[in-house]
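Below is one structure, written out as structure tokens; comments come after it.
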Number of protein chains: 2
Amino acid sequence: MFSKFLNLDKEKQDRIINAAIKEFALKGYDTASTNEIVKEAGISKGLLFHYFQNKRQLYLFLFDYCYELLAEEFYKKINFSEVDFFKRIRHAVLIKMDLLSQYPDIFKFIEEAYFEESTVIKIELGNRIKELTDINFGKVYEGIDLSKFRDDVDVKKILKIITWTFEKLSEEELNKVKLSSAHEIDFQQLQIKAEEYFEVLTTCFYK
Amino acid sequence: MFSKFLNLDKEKQDRIINAAIKEFALKGYDTASTNEIVKEAGISKGLLFHYFQNKRQLYLFLFDYCYELLAEEFYKKINFSEVDFFKRIRHAVLIKMDLLSQYPDIFKFIEEAYFEESTVIKIELGNRIKELTDINFGKVYEGIDLSKFRDDVDVKKILKIITWTFEKLSEEELNKVKLSSAHEIDFQQLQIKAEEYFEVLTTCFYK
DNA sequence: TTGGCGTTGACCACACTAGTCAATACGGTC
DNA sequence: GACCGTATTGACTAGTGTGGTCAACGCCAA
């Protein structure tokens, strides 16, 4: 399907992919312009449509590409032998932030895809997203040692509260970056904060 | 400034305001079309620009209008004499969800405004948002009784965890609505869940 | 009948779109 | 050098839509 494109030398492929991801991430499917993409990638209009049948096909190709890249990187780094929930989730958050700073456009692209409303791609995209969340849901909780938690409250709710806390913590840190226009996540700061909340949560939720 | 517009009969004002809010909320500043707005409002193009100098002025007017409306409604309903943090925050979440179902477009408009990237309005809008968050930040924590909380951990972090939990809980409920295309928040369900988490949190965070 | 205000919508000049295709550049083979 | 086939170009099409203007009209009070 994309053999012509995939036979290109890697450098040119990347130029096109990165330009397209950036444009779609920034503007969404409808408003994104193929003219901007080719300008940014430094290729001609005709070439883009030589490799991809149309805008829609390009977008869906990019979705698969981005998702696979992020998932692979994530599962490569996460440690499933760690059975302590706090440690695993803390680690997961840090990996996520790391990937975010390494691939900001790819992250934004995937995030925006979840809110994409364009009729041209919504159904096809919806199917893929559903399939993927079905697969990944629950994986974070796999093999967790629940025996350490206090047993006077529902442990599932505790797990949720912990997950939410770390998620919100990183969201907060991201917003700070966005507002201060610092453009760089302060990983040391985040690690310290994660550690502090880690302490509060273990004190309150462990036996 | 807007005296011409504000002297209109309320019904026509509302028709214009609602149409404009809906369009901006749905498409963002740049992509929103004044043509669509006048069509939806049932007025002529010329009339819109008779009341508002240009698109930009219209947008900023709407931002102020929406923010004032939501803030007023919120502070009218919240009970500042309730000193129990759990009860206050639980109440705040329910009010928020209530407003959300009552004014979905207005909520979306304000939410989107925080992410607005259009250069034409970004600076002016940024100023207003900063000012407003400065004012409102901390108000939720005013006059809270901290004596009930366990004192072996930092109470500020506990407050954050509680806030985040209820926020995430309502976000989850909203997403469910969005995916199921039910279009209506199940308030009873949300209340029950809030109650359940309320119990877990008091058990773990109170003395 | 006149003046004036509220209102209309055709119209302007332009920006930009996704996609096409004849023409060219280029690399290898004889 | 000639020739071939593939990679690549970018001017072009046909169309949509934009924010904003303005001459003209309807209507009502004086």
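Just so you know, these numbers come straight off a predicted model, no measurement behind them. Naming convention: chains lettered A, B, ... in sequence-line order (proteins, then strands); numbering from 1 in each chain.
Between B/Y29 atom OH and D/dG19 atom P the separation is 8 Å, expressed in whole Å. Here the C1' atom of nucleotide C/dT20 and the CG atom of A/L47 are 14 Å apart, to the nearest Å. What separates CG of B/L8 from P of C/dC5 is a distance of 16 Å, to the nearest Å. Going from atom NZ of A/K39 over to atom P of D/dA11 covers 13 Å, rounded to whole Å. Counting to the nearest Å, the P atom of D/dT18 and the CZ atom of B/F24 are 12 Å from each other. Atom pair B/D30:CG and C/dC16:C1' shows a separation of 13 Å (rounding to whole Å applied). Distance, B/L58 CG to D/dG20 C1': 13 Å, rounded to whole Å. If you measure from atom CG of A/N54 to atom P of C/dA18, you get 11 Å, rounded to the nearest angstrom.
Separation of the B/F5 and B/F61 ring centroids falls under the 6.0 Å cut-off.
An OP1 or OP2 oxygen of C/dT7 is reached within less than 4.0 angstrom by a side-chain nitrogen or oxygen of B/K12. Look at A/Y51 and you'll find a side-chain N or O under 4.0 angstrom from OP1 or OP2 of D/dT8. Residue A/N35 has a polar side-chain atom (N or O) positioned under 4.0 Å from OP1 or OP2 of C/dT17. Within the 4.0 Å cut-off from OP1 or OP2 of C/dT17, at least one side-chain nitrogen or oxygen of A/S33 is found. In this structure, A/K45 does not reach the D/dG10 phosphate: none of its side-chain N or O atoms is under 4.0 Å from OP1 or OP2. Taking 4.0 angstrom as the limit, B/S44 places none of its side-chain polar atoms (N or O) nearer than this to OP1 or OP2 of C/dG9.
Cation-pi geometry between B/K157 and A/Y197 is met: under 6.0 angstrom from the ring centre, within 45 degrees of the axis. With a 6.0 Å cutoff to the six-membered ring centre and a 45° limit on the axis angle, A/K55 counts as a cation-pi contact of A/Y29.
The residue among A/A32 and A/G46 whose nearest nucleotide of DNA chain C is located toward the 5' end is A/A32.
Between A/T31 and B/D30, the closest side-chain pair of non-hydrogen atoms is not below 4.5 Å. At a threshold of 4.5 Å between non-hydrogen side-chain atoms, the residues B/L58 and B/Y51 do not count as touching.
Across C/dT8, D/dG20, D/dT9, the shortest atom-to-atom separation from the side chain of B/F49 is found for D/dG20.
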